[in-house]
Number of protein chains: 2
Amino acid sequence: MEHGFEATSLRLITTAAGVNLAAVNYHFGSKEELFQAVLTRRLDPMNHDRMQLLSAYEIAAAGKPLTCEKILAAMFIPALKLARDYEQGGKNFLRLLGRAYADPAPFIREFLSNQYREMIARFRSAFSRALPHIPREELSWRLHFVMGALSYTLAGADMLKIISQPHPEETTNDELLLKRLAPFLAAGLRSPSAPSSVEDDGNHLFQEA
Amino acid sequence: MEHGFEATSLRLITTAAGVNLAAVNYHFGSKEELFQAVLTRRLDPMNHDRMQLLSAYEIAAAGKPLTCEKILAAMFIPALKLARDYEQGGKNFLRLLGRAYADPAPFIREFLSNQYREMIARFRSAFSRALPHIPREELSWRLHFVMGALSYTLAGADMLKIISQPHPEETTNDELLLKRLAPFLAAGLRSPSAPSSVEDDGNHLFQEA
DNA sequence: GATGAATTCAAACGTTCGTTTAAATTGAGC
DNA sequence: GCTCAATTTAAACGAACGTTTGAATTCATC
């Protein structure tokens, strides 16, 4: 999380863990495989929880489409649960994950793509039922924005130092953070999908550029 | 952009540039100072353009508060202009910038914080006038979300491969991307700020967790 | 064309990297 | 308690890193 994958040495890791340097290659094979194991251990259960929670909501809704807030809750709650798991450094893991999202190393991207494929498909169809008037393609974009905002927000608590005047005590309160993010995203998801329609106050975005 | 700051070697850079390895230390002093120079060269003019465009909009509005879309346009258009500047690898720069946002290296964070401070302050007050009913603190969060979504979106074109079924030709069309992002964010910015009020359909976010 | 500063260059500096090797140690099954 | 596989260990491997050095080269100025 602090240095990124390529700049984090196995010697740093193994001495911090109190084990021998060669243990990594013996047990995991290589640095890359160790990294994948680190991600899988927490990401796999989290995404599993997300899908399970979404299914529970859908069953409780008895066929009616879920609200965007409910679907977002199914995404956020397992992430929050993980962030609260202090015994296993949960918040640090989410930051690590956020950095991995931005890492263009092919083995990382392919790994994440495989890890997320099933979950994304489930949530896409849930949003599709919740927002039947939004075209498929537009919805893909908005799902992209949601995932980006979520991972960015969870990953970059330090970003607040750039954006904001100081918020003394709140910085580490992830629950409050997500309580503010979810309505923000829900409003964006529900916004009318009409890039071609008439304007109301004369601002064609980007048309003067 | 491909490997991150720490994992990109000066030998890679200097051979690609066709110059001697020692040129970096001679002209820039160190690898860190070279990186800051790379960012400053484009980030400084871009943020200057943003503030200038915002001022132009405010003057044209003759005292009336701007719409969120207009303010977002002042943020996005200079970024788009840079992305279109192919002669200087504009889109690659935005991705590099997006990665820098997620990099926790202190010298990078401090540098970005200084580079953005003035611009963020200007846009915060513009949004504050556009959304007088949103509390200051809530607005800080939403501004954080906006910056995160923007940098994430501009940085992570590859992320689409994770989120979406393939979008054959559209992936590189940044203008279309921002045309979809701006309404999404504007809707989120305008959404009512009432985490304490009564609910309409029974979903208290996160309350069952 | 000589002079002196600015720049470029090849080479080497010491350090750290991921991985491998082979010996030492551990631990379960007979 | 011996055996043999599993694991741990210290040491070394070759390669790559950012930086420094001092000589070669370039370039403007006289």
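The sequence lines fix the lettering, A, B, ..., with proteins before strands; numbering per chain opens at 1.
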Parallel, tilted or perpendicular for A:F107 and A:F35, by the 30°/60° rule? perpendicular
From the set [options], return the single nucleotide nearest to any side-chain atom of [X].
{"X": "B:Y26", "options": "D:dT20, D:dT19, C:dA6", "value": "C:dA6"}
{"X": "B:H27", "options": "C:dT8, C:dC17, D:dG18", "value": "C:dT8"}
{"X": "A:N20", "options": "D:dA10, C:dG18, D:dT20", "value": "D:dA10"}

Where do A:F184 and B:F184 land on the ring-ring contact (aromatic ring centres under 6.0 Å, His included) test, with the steps shown first? CA-CA 9 Å; A:F184 181 91; B:F184 180 93; 7.2 Å; no
Identify, between B:G18 and A:G29, the residue whose nearest nucleotide on DNA chain C lies closer to the 5' end. B:G18
Nearest-Å distance, [atom1] ([X]) to [atom2] ([N])?
{"X": "A:L10", "N": "D:dT9", "atom1": "CG", "atom2": "P", "value": "16 Å"}
{"X": "B:F28", "N": "C:dT7", "atom1": "CZ", "atom2": "C1'", "value": "14 Å"}
{"X": "A:L34", "N": "C:dT19", "atom1": "CG", "atom2": "P", "value": "10 Å"}
{"X": "A:N25", "N": "C:dT20", "atom1": "CG", "atom2": "P", "value": "6 Å"}
{"X": "B:E32", "N": "D:dC17", "atom1": "CD", "atom2": "C1'", "value": "15 Å"}
{"X": "A:L12", "N": "C:dC17", "atom1": "CG", "atom2": "C1'", "value": "12 Å"}
{"X": "A:H3", "N": "C:dC17", "atom1": "NE2", "atom2": "C1'", "value": "14 Å"}

Starting at the 5' end of DNA chain D and moving along, which residue's nearest nucleotide shows up first, A:L21 or B:T8? A:L21
Which is more 5' along DNA chain D, the nucleotide nearest A:R11 or the one nearest A:V19? Just name the residue. A:V19
Tell me, with the steps shown, if A:E137 and A:S140 meet side chain to side chain donor-acceptor pair (under 3.5 Å). CA-CA 5 Å; A:E137 188 182 300; A:S140 283; over 6 Å; no
Regarding B:A22, tell me which of base, sugar-phosphate or nothing describes its non-hydrogen contacts under 4.0 Å with the strands shown. base
Before giving the answer on side-chain contact (heavy atoms from CB on, under 4.5 Å), spell out for A:Y116 and A:L43 the whole-Å C-alpha distance, their side-chain angles and the decisive distance to 0.1 Å. CA-CA 9 Å; A:Y116 274 95; A:L43 190 53; 3.4 Å; yes
